[in-house]
Amino acid sequence: MYAGQITRYHHRAALRSTTTKGASRMDMEKARAAFDRFDADGDGQVTPEEFKHAMAEMGDALVTGPVAEAVIKSKDTDSDGRMSFDEFWQALQR
């Protein structure tokens with residue numbers, strides 16, 4: 001594993017820890033760290049291409065362009081074609 005690279009285990013653990021009601025500050029920090037791994041250019045938005053690339057780096061080469069677009073679209077509440085941290089956080093709360 002490369003420095004700064006998130007494994008599937010760590011990604012899932014971060015997501016699991018943020019799905020309970022009344023999430024702690026630590027939960028939000030873990031979610032932010034997970035989100036930041038997907039936000040390659042650091043602009044606060046995850047594009048389908050960034051999502052696809054991050055998933056490939058984590059070993060999931062089956063996430064194609066259309067799959068990445070569908071995932072982002074399912075989280076994109078403002079219909080801008082990207083996923084913000086707030087949209088990511090809200091998806092974790094469901």
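Looking at heavy atoms from C-beta onward, E69 lies out of side-chain contact with F51 at the 4.5 angstrom threshold.
Separation of atoms CZ (R32) and CD (E29) is listed at 10.5 Å; rounding is to 0.5 Å.
Nearest approach of L92 to A31, heavy atoms of both residues: CD1-CB, 3.9 Å. Scanning all heavy atoms of the two residues, the minimum distance from S74 to R94 falls at O-NH1, 4.2 Å. Across all non-hydrogen atoms, the minimal contact from A34 to F88 is CB-CZ, 4.3 Å. Minimum heavy-atom separation, P48 to G81: CD-O, 3.5 Å.
With sequence neighbours excluded, the residues satisfying side-chain contact (heavy atoms from CB on, under 4.5 Å) with E50 are D39, A40, D41, V46, T47. Residues passing the side-chain contact (heavy atoms from CB on, under 4.5 Å) test with D80 are Q45, D76, D78, R82, sequence neighbours excluded. Under the side-chain hydrogen bond (donor to acceptor under 3.5 Å, both in side chains) criterion, T77 pairs with E87, sequence neighbours left out.
Between the side chains of E49 and H53, no donor N or O sits under 3.5 Å from an acceptor N or O.
Formation of a donor-acceptor pair under 3.5 Å by the D27 side chain with backbone atoms of S24 is found in this model.
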